[in-house]
Amino acid sequence: QVQLVESGGGLVQAGGSLRLSCAASRLTLSTYTMAWFRQAPGKEREFVAFIDRRGGTTHYADSVKGRFTISRDNAKNTLYLQMNSLKPEDTAAYYCAAGSLLTTSVARYNYWGQGTQVTVSS
């Protein structure tokens, strides 16, 4: 079955950086819109960023714009999220997702990873 596996999460101090990866198997990444979402304890899953199939179009949540960068390497079947200038409010489980539409809606994505935890200390 399709698998999306996130990695790269961890504990970092405020102002630090992390790079998340999402490796796909049994799924050809180049045929999907890809996105990152996050979910903090007690909160709903929220959109972070998406990227189109070729990597030419990206869109970010206002809360991460200018600090996070989404990218993809279709040859490696891998999605990335570079996170800089991290803040305590970025603390959450981060999920990658694959879908057919360029959308911020959780419900529109068909495949999900298991998540990787990012914790930012103040």
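Taking OH of Y32 as the reference point, atom OH of Y111 lies at 4.5 Å (rounded to 0.5 Å). The line from CG of L79 to SG of C96 is 6.0 Å long, rounded to the nearest 0.5 Å. Between the OG1 atom of T104 and the OH atom of Y60 there is a distance of 15.0 Å, given to the nearest 0.5 Å.
Taking the ring pair (Phe, Tyr, Trp, His ring centres under 6.0 Å) definition, one finds that F50 meets it with F47, H59, sequence neighbours left out. For Q117, the side chain to side chain contact (heavy atoms under 4.5 Å, CB included) criterion is met by T91, A93, T119, not counting sequence neighbours. Considering only residues two or more places apart in sequence or on other chains, T103 meets the side chain to side chain contact (heavy atoms under 4.5 Å, CB included) condition with L101, S105, R108, Y109.
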Run the side-chain donor-acceptor check on residues 11-30: report pairs under 3.5 Å with partners two or more places apart or on a different chain.
unit_1: S17; atom_1: OG; unit_2: N84; atom_2: OD1; d: 2.9
unit_1: R26; atom_1: NH1; unit_2: Q1; atom_2: O; d: 3.2

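Listed by first then second residue, pairs satisfying side-chain hydrogen bond (donor to acceptor under 3.5 Å, both in side chains) with a partner in residues 65-80 read D62-K65, R67-D90, R72-N74, not counting sequence neighbours. The salt bridge (Lys or Arg N to Asp or Glu O under 4.0 Å) analysis of residues 43-52, with sequence neighbours excluded, yields the pairs R38-E46. Sorted by first and then second residue, the disulfide (SG to SG under 2.5 Å) pairs involving residues 42-75 (not counting sequence neighbours) form an empty list. Among residue pairs with one or both ends in residues 40-91, none qualify as disulfide (SG to SG under 2.5 Å); sequence neighbours excluded.
Taking both residues in full, the closest heavy atoms of G113 and Y95 are given as O-CD2, 3.5 Å, listed atom of the first, atom of the second, then distance. Heavy atoms only, all atoms of each residue included: L102 and T33 are closest at CD2-CG2, 3.7 Å.
No continuous path of ILVMFWY side-chain contacts below 4.5 Å connects V64 to F37, so the two sit in separate hydrophobic clusters. At a threshold of 4.5 Å between side-chain heavy atoms, the hydrophobic network of Ile, Leu, Val, Met, Phe, Trp and Tyr places L81 and V118 in one connected group. Note: the hydrophobic cluster containing V2 also contains W36 (ILVMFWY, side chain heavy atoms under 4.5 Å, direct or indirect links).
The closest donor-acceptor contact from the side chain of E6 to the backbone of Q114 lies under 3.5 Å.
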Between L86 and F68, does the side-chain contact (heavy atoms from CB on, under 4.5 Å) criterion hold? Intermediate values first, please.
CA-CA 9 Å; L86 282 161; F68 290 12; 3.8 Å; yes
